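Quick caveat, the model's predicted, so the values are computed rather than measured. In what follows, chains are A, B, ... by sequence order, proteins preceding strands, each numbered from 1.
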Amino acid sequence: MLQQTQVTTVLPYYERWMARFPTLKALAAADEQELLSYWQGLGYYSRCRNLHEAAKRVVESGLPTRSDDWRVLPGIGAYTAAAIASISAGEPVAAVDGNVERVYARFAASQEPKARLSTAARKWSESHMRLSTCEPAQWNQALMELGARICSPRNPDCRACPLANACQGKGDPHRFPAKKPSRTVVEISYTVWVPAREGRWGVRRVPPGGWWAGLWEFPRRAEESALHQEFVGASPRGLGEVRHQVTHHRLTLRAFLVEEALWPNDLDWLDTDELKRRAMPAPQRKIANLALRKVVAANGLEPLT
DNA sequence: AATACGGGGAG
DNA sequence: CTCCCAGTATT
């Protein structure tokens, strides 16, 4: 959960997750759709599937010990493997996260691209770790903490830094690490229609290969498509517009309520409680709430969380 | 080496 | 707006 996601964001998800799936065995035996519903809103949903798969393998074959063996599990990369192995087994391997990369980039005044920076930071951290009397877990924690609290992205406090003496970047820490040029934003528009009948909602599984694969959504078409044109001709009721940013794409989803025509025939029809438990992409969740307010507010139903 | 992959926190 | 978050897998 913590991969590329802030601790304060993760915390409530983690608590709910651990209450529901308290052991590896429980996790391995869980239904993937339910896992995704607990993950819903966190993003990077492949992490969820990978964690599930990793739990299955571990329950089947036992817990790894060495970093290299952890590394084989899906979703466990260099950072996570090193973090686990150094903490759980005291293995002297460097856990290099964004903090450590930044600390190293400034310390060595390096503007290398991310891949090389990461490798260099790992060697740097590991060589000093071995010279230190510090436990590997403590060393890793200390370096990450230094990056989070002192060598921070926006306001590095070089006066408080224990490495300032030897640091090559302290004159102008903001030059490191090098920022990659920002990509031009791509605008994408979708029409979303919300099939509703007799208190039920029609959803489909997001097809594989793109964003939100495997989650559930209301039918969606690019606005240029022929289906869209046909749809507009059916004069649906507008629900509203939802904007959402995904990396360098800016999405606009225009949502409409349709009660009869143009439903794909492979929809899953859910009542409101079932809809609430399905994992939906954030913008589709917002549309669900628009629809709920419009259609069933009078019945006293609560919005989706 | 570069890109896809979410969503949100914070300045 | 921008940058970046206790990264990983794929190309």
Side-chain angles (χ1 to χ4, degrees), chain A residues 1-14 36 39-54 67 70-87 93-105 111-122 125 137-149 151-156 173-186 188 206 208-215 217 242-251 253 279-286 305:
Chain A
M1 287 181 177
L2 287 165
Q3 291 166 357
Q4 286 293 281
T5 307
Q6 294 185 355
V7 175
T8 53
T9 302
V10 163
L11 240 31
Y13 285 87
Y14 174 78
L36 283 170
W39 203 275
Q40 118 86 27
L42 258 187
Y44 286 135
Y45 297 94
S46 62
R47 292 180 300 178
C48 181
R49 274 182 273 272
N50 285 336
L51 183 57
H52 191 204
E53 176 62 24
S67 170
W70 279 105
R71 182 72 181 73
V72 172
L73 292 170
I76 308 289
Y79 163 76
T80 306
I84 296 172
S86 65
I87 292 170
V93 282
V96 176
D97 72 340
N99 287 309
V100 179
E101 277 180 15
R102 183 177 56 257
V103 168
Y104 171 76
Q111 293 188 317
E112 294 289 312
K114 185 175 165 59
R116 291 158 66 94
L117 184 62
S118 178
T119 301
R122 182 177 53 74
S125 173
Q138 300 297 320
W139 176 270
N140 284 332
Q141 186 67 38
L143 221 43
M144 289 191 286
E145 214 68 36
L146 177 62
R149 298 180 187 267
C151 196
S152 63
R154 304 228 187 211
N155 302 310
H174 291 288
R175 287 200 300 140
F176 313 100
K179 285 170 288 218
K180 33 185 175 184
S182 58
R183 303 178 55 166
T184 57
V185 175
V186 177
I188 303 177
V206 181
W211 301 323
W212 313 304
L215 274 61
E217 66 171 11
V242 168
R243 298 177 69 77
H244 187 74
Q245 185 103 20
V246 180
T247 61
H248 60 289
H249 306 273
R250 184 156 41 221
L251 312 184
L253 291 77
M280 300 182 78
Q284 290 267 351
R285 174 69 54 178
K286 291 177 193 165
T305 53

Practice problem: Classify the nucleic acid contact of His174(A) as base, sugar-phosphate or nothing, counting any heavy atom under 4.0 Å across all strands shown. | Solution: nothing
Quiz item: Closer to the 5' end of DNA chain B via nearest nucleotide, is it Gln6(A) or Ser46(A)?
Solution: Ser46(A)
Exercise. Select base, sugar-phosphate, or nothing to describe what Thr80(A) touches, counting heavy atoms under 4.0 Å on all strands.
Key: sugar-phosphate
Quiz item: Considering heavy-atom distances to DNA chain C, does Val185(A) or Lys114(A) have its closest nucleotide positioned more toward the 5' end?
Solution: Val185(A)
Exercise. Scan Gln141(A) against the nucleic acid and name what it touches under 4.0 Å (heavy atoms): base, sugar-phosphate only, or nothing.
Key: base
Exercise. Considering only heavy atoms of chain A and a distance under 4.0 Å, specify the first and last nucleotide of DNA chain B in 5' to 3' order that meet this criterion.
Key: dA1(B) to dA10(B)
Practice problem: Could you give the distance separating dA4(B) and dA6(C) at their P atoms, to the nearest angstrom? | Solution: 23 Å
Exercise. For Leu42(A), answer base if it contacts any base atom (sugar-phosphate contacts may also be present), sugar-phosphate if it contacts only those atoms, and nothing otherwise; contact means non-hydrogen atoms under 4.0 Å.
Key: base
Quiz item: Are any of Gln3(A)'s side-chain N or O atoms less than 4.0 Å away from OP1 or OP2 of dG7(C)?
Solution: no
Quiz item: Taking side chain as C-beta onward, heavy atoms only, is Trp70(A) less than 4.5 Å from Thr80(A)?
Solution: no
Quiz item: With no hydrogens and no angle check, do the side chains of Arg47(A) and Thr5(A) hold a donor and an acceptor under 3.5 Å apart?
Solution: yes
Practice problem: Describe the nucleic acid contact of Gly41(A) in one word from base, sugar-phosphate, nothing, applying a heavy-atom distance below 4.0 Å. | Solution: sugar-phosphate
Quiz item: When you measure from the side chain of Gln111(A) to the backbone N and O of Arg175(A), does any donor-acceptor pair fall under 3.5 Å?
Solution: yes
Self-check item: Euclidean distance, atom CD of residue Gln245(A) to atom P of dT2(C) [Å, nearest integer]
Solution: 8 Å
Exercise. Classify the side-chain pair Ser125(A)/Trp139(A) by whether it contains a donor and acceptor separated by less than 3.5 Å.
Key: yes
Practice problem: Could you give the distance separating dT11(C) and dG6(B) at their P atoms, to the nearest angstrom? | Solution: 15 Å
Quiz item: Taking all atoms of both residues into account, what is the closest heavy-atom pair of Leu36(A) and Ala279(A), and its distance?
Solution: O-CB, 3.3 Å
Quiz item: How would you label the contact of Ala148(A) with the nucleic acid (heavy atoms, under 4.0 Å): base, sugar-phosphate, or nothing?
Solution: nothing
Practice problem: For Arg183(A) and for Thr9(A), locate the closest nucleotide of DNA chain B by heavy-atom distance; then report the residue assigned to the nucleotide nearer the 5' terminus. | Solution: Arg183(A)
Practice problem: Would you mind classifying the nucleic acid contact of Thr5(A) as base, sugar-phosphate or nothing, using non-hydrogen atoms under 4.0 angstrom? | Solution: base
Quiz item: Tyr44(A) has a side chain; which of dC3(C), dC5(C), dG7(C) sits nearest to it?
Solution: dG7(C)
